[in-house]
Participant: 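Take this structure first; my questions come after.
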There are 2 protein chains.
Amino acid sequence: MYAIGEEETVADAEHVNIWTLPERPARGPRPAYSRAQITEAAIRIADAEGLEAATMRRIAAEIGAGAMSLYRYVPSRDDLIELMADRLTGEIDLTGVPSGDWRADLTRYADGLRAMWRRHPWMAAMRRSLPGLGPNQLLLIERLMGVLDPLVPIDENLALTALLNGYVEGAVREEIGAAEELRRSGLSEQEWMARGQAYVDRLVKSGDHPILTKIVMEARRPHLSRDEQFRLGVRRVLDCVAAALPPGA
Amino acid sequence: MYAIGEEETVADAEHVNIWTLPERPARGPRPAYSRAQITEAAIRIADAEGLEAATMRRIAAEIGAGAMSLYRYVPSRDDLIELMADRLTGEIDLTGVPSGDWRADLTRYADGLRAMWRRHPWMAAMRRSLPGLGPNQLLLIERLMGVLDPLVPIDENLALTALLNGYVEGAVREEIGAAEELRRSGLSEQEWMARGQAYVDRLVKSGDHPILTKIVMEARRPHLSRDEQFRLGVRRVLDCVAAALPPGA
DNA sequence: GCCAATTGCGTACATCGTACTCGGTGGCCT
DNA sequence: AGGCCACCGAGTACGATGTACGCAATTGGC
């Protein structure tokens, strides 16, 4: 395509996909760092200060490297984020799935996904259009969709799995929403309250928004524990799934 | 809090929320542009080239203004995005909802939301943690949740609505996913195919990913029309909703 | 008609991702 | 054993971004 210089970066014409790009070439001095180490550092920063704080320079500083050194391991920041996503997917433990009990399996998956997203809230906000195809993500696909695979055709399986995913995503977003928004804004809790709350209070007092008023009131009431509420929602989704299964499954 | 200069930007201490920030002050020369005009231009650019292309300078150029002029109308780019989101929410036509027929109403909402996201694919990717509270968004909340409000308690209503939203989001993401990913990458279709496809083909040929193989095969088969498929999914979700309603509703 | 508020906007800065380039290192071939 | 060169870490630099600041021009209210 175009002439290459005396050296080229880690990505060449055929190896654009991270997952096909070997981490370690054959010859030369031993690398001082590793993809795993960089990914780990980036996740640590993102957990603490949000994904936008995980800049290349910051990540490099975290592991004691120069900024540009990272590019010896990762073609771009987007690719690094791909690595982070796969690494986090690996935190969802699905060993032994499918087990034969599809309700138990899907419940386990929902719990695991929720727990992972609560540990790494920035991840719940960072939804790509297509699922990644890293090793952990591939394993997840095989195990998760293997649960319903013997019971329904693949297109049904896709739809039902998407439904479950959608529910978990919505539920987690509701759980972590306020906290994330607060962190993102960089405001103190008092400031944030003063601003958002004052506006919402005004809306409620206006009387033009009866439903919003109900929602606000509801939010101030004591609730079932988050876990209970989530389990309840998952059970409902699974009932919906059961209805789509052939009878007697 | 802190001393202000001889002039201040559009945002002051009490007016941080966009929705409480008046667009037009009393005195001074007539503004040459407007929030609506700026929002419109930004949406036009985002539709054509993605949200990341809608930079302040680019938007300003689109309406023939200087870059910094926009800040006379909008406190920050994030706030402008908030305006865009509300403006797009207004495209979901729910006049006459709730009508008394909850299935029809929710189906109409699902169709409208899907159509809106397909017209503005960047919006489907840009999910904030909390829903916005602009005028169109408030109206949507009242109408949409007003549908089930007479039938179920508010917490149930929230859960069921989230379920429907989750389904639509997943379905739309699947529809527009490939196209968006392609655009985001900036590659030509051939390049993108060559790269993604080659990797997927390798995975399929390896034989270690039976489910992925099924998915890929399925994607190559002719389908029900997208619309049919979507309607089917919505109906399933609504059946799930019906199960949660009190008998005879 | 004057004053002050408010306009559009040019300049400037910090920060980002990353291209280019260098001097050094050490595995491989001879 | 010796030399070559692939590969390393990292500094410098560039273009782009969001936006703070300041200035000259404009206009409504007195």
Side-chain angles (χ1 to χ4, degrees), chain A residues 2-12 15-16 21-35 37-38 42 45-46 49-82 184-186, chain B residues 2-12 15-16 21-35 37-38 42 45-46 49-82 184-186:
Chain A
Y2 39 80
I4 52 180
E6 52 191 73
E7 190 179 3
E8 39 188 306
T9 74
V10 71
D12 66 35
H15 289 149
V16 163
L21 183 65
E23 168 157 19
R24 290 215 39 187
R27 291 216 291 286
R30 282 232 219 82
Y33 316 105
S34 73
R35 266 191 202 168
Q37 184 187 0
I38 293 170
I45 296 170
E49 309 168 42
L51 182 59
E52 74 278 2
T55 66
M56 297 305 267
R57 289 169 232 262
R58 182 99 166 61
I59 297 165
E62 174 88 6
I63 61 175
M68 291 312 294
S69 304
L70 301 191
Y71 288 95
R72 293 284 173 194
Y73 301 86
V74 161
S76 74
R77 183 169 184 267
D78 278 358
D79 286 302
L80 174 55
I81 292 177
E82 202 81 6
R184 244 180 54 86
S185 72
Chain B
Y2 40 80
I4 53 180
E6 52 191 74
E7 189 178 4
E8 40 187 305
T9 76
V10 71
D12 67 36
H15 289 150
V16 163
L21 183 65
E23 169 157 19
R24 289 216 40 188
R27 290 217 291 288
R30 283 229 222 83
Y33 316 105
S34 71
R35 266 190 202 169
Q37 183 186 2
I38 293 170
I45 296 170
E49 308 168 42
L51 182 58
E52 72 279 3
T55 67
M56 297 306 267
R57 289 171 232 262
R58 183 97 167 61
I59 297 165
E62 174 88 6
I63 61 175
M68 290 312 293
S69 304
L70 302 190
Y71 288 95
R72 294 285 173 193
Y73 300 86
V74 160
S76 74
R77 183 169 184 267
D78 278 357
D79 287 302
L80 174 55
I81 293 177
E82 202 82 7
R184 244 181 54 87
S185 71

Participant: In whole angstrom, what separates B:Leu80's CG from D:dT17's P?
Facilitator: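 After rounding, the reported distance stands at 15 Å.
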Participant: Let me know the distance between CD of A:Gln37 and C1' of D:dC8, rounded to the nearest Å.
Facilitator: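 The answer, rounded to whole Å, is 15 Å.
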Participant: Supply the atom-to-atom distance B:Arg72 CZ to B:Ile38 CD1, rounded to the nearest 0.5 angstrom.
Facilitator: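 Reported value, rounded in 0.5 Å steps: 12.0 Å.
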Participant: Side chain of B:Thr55: nearest nucleotide among D:dG18, C:dC16, D:dG9?
Facilitator: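 Ranking D:dG18, C:dC16, D:dG9 by closest atom to the B:Thr55 side chain puts D:dG18 first.
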Participant: Take the protein atom CD of B:Glu52 and the nucleotide atom C1' of D:dG18, then report the distance between them rounded to whole Å.
Facilitator: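 In whole Å, D:dG18 C1' lies 16 Å from B:Glu52 CD.
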Participant: Find the distance A:Asp79:CG to C:dT18:C1' and express it as a whole number of Å.
Facilitator: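 Going from A:Asp79 (CG) to C:dT18 (C1'), I get 13 Å.
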Participant: In this structure, how many angstroms lie between the P atom of D:dC8 and the CG atom of A:Leu70, rounded?
Facilitator: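 That distance rounds to 13 Å.
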Participant: Is there a side-chain contact (heavy atoms from CB on, under 4.5 Å) between A:Met56 and A:Tyr71? Walk through the geometry before answering.
Facilitator: CA-CA 9 Å; A:Met56 297 305 267; A:Tyr71 288 95; 3.5 Å; yes
Participant: Remember a base hit wins even if backbone is also touched, and classify A:Ala67 as base, sugar-phosphate or nothing at under 4.0 Å, heavy atoms.
Facilitator: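 Nothing, no heavy atom under 4.0 Å.
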Participant: Would the distance check show the side chain of A:Gln37 and the main-chain N or O of A:Ile63 forming a donor-acceptor pair, the cut-off being under 3.5 Å?
Facilitator: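 The answer is no, because no donor-acceptor pair under 3.5 Å joins these two groups.
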Participant: Any idea which of D:dG9, C:dA5, D:dG18 is nearest the B:Pro29 side chain?
Facilitator: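 For the B:Pro29 side chain, the nearest candidate turns out to be C:dA5.
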Participant: From D:dG28, D:dC23, C:dG17, pick the nucleotide closest to the side chain of B:Arg72?
Facilitator: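 The answer is D:dC23.
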Participant: Rounded to whole Å, please give me the gap between CE in A:Met56 and P in C:dA14.
Facilitator: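 That distance rounds to 23 Å.
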Participant: Classify the side chain of A:Arg30 and the base of C:dG26 as holding, or not holding, a donor-acceptor pair under 3.5 Å.
Facilitator: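 For A:Arg30, whose side chain was compared with the base of C:dG26, there is no donor-acceptor pair (under 3.5 Å).
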Participant: Yes or no on side-chain contact (heavy atoms from CB on, under 4.5 Å) for A:Leu21 and A:Asp79, after CA distance, side-chain angles and deciding distance?
Facilitator: CA-CA 11 Å; A:Leu21 183 65; A:Asp79 286 302; over 6 Å; no
Participant: Between B:Asp78 and A:Ala65, who's closer to the 5' end of DNA chain D by nearest nucleotide?
Facilitator: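 Nearer the 5' end of the strand: A:Ala65.
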Participant: Which nucleotide sits closest to the side chain of B:Tyr33: C:dC9, D:dG9, C:dT18?
Facilitator: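 So the nucleotide nearest the side chain must be C:dC9.
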Participant: Taking CE from B:Met68 and P from D:dT19, how many angstroms apart are they, rounded to a whole number?
Facilitator: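 That distance rounds to 9 Å.
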Participant: For A:Ala32 and for B:Ala53, find the nucleotide of DNA chain D with the closest heavy atom, then tell me which residue's nucleotide is more 5'.
Facilitator: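 Its nearest nucleotide lies further toward 5', so the answer is A:Ala32.
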Participant: Separation of B:Arg57 atom CZ from C:dC13 atom P, in whole Å?
Facilitator: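 Checked: the CZ to P distance equals 14 Å.
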Participant: Is A:Tyr71 close enough to D:dC8 that one of its side-chain N or O atoms is under 4.0 Å from OP1 or OP2 there?
Facilitator: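 Answer is no, no contact under 4.0 Å.
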Participant: Mind checking what makes salt bridge (Lys or Arg N to Asp or Glu O under 4.0 Å) contact with A:Arg57, not counting sequence neighbours?
Facilitator: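 Residues passing salt bridge (Lys or Arg N to Asp or Glu O under 4.0 Å) with A:Arg57: none at all.
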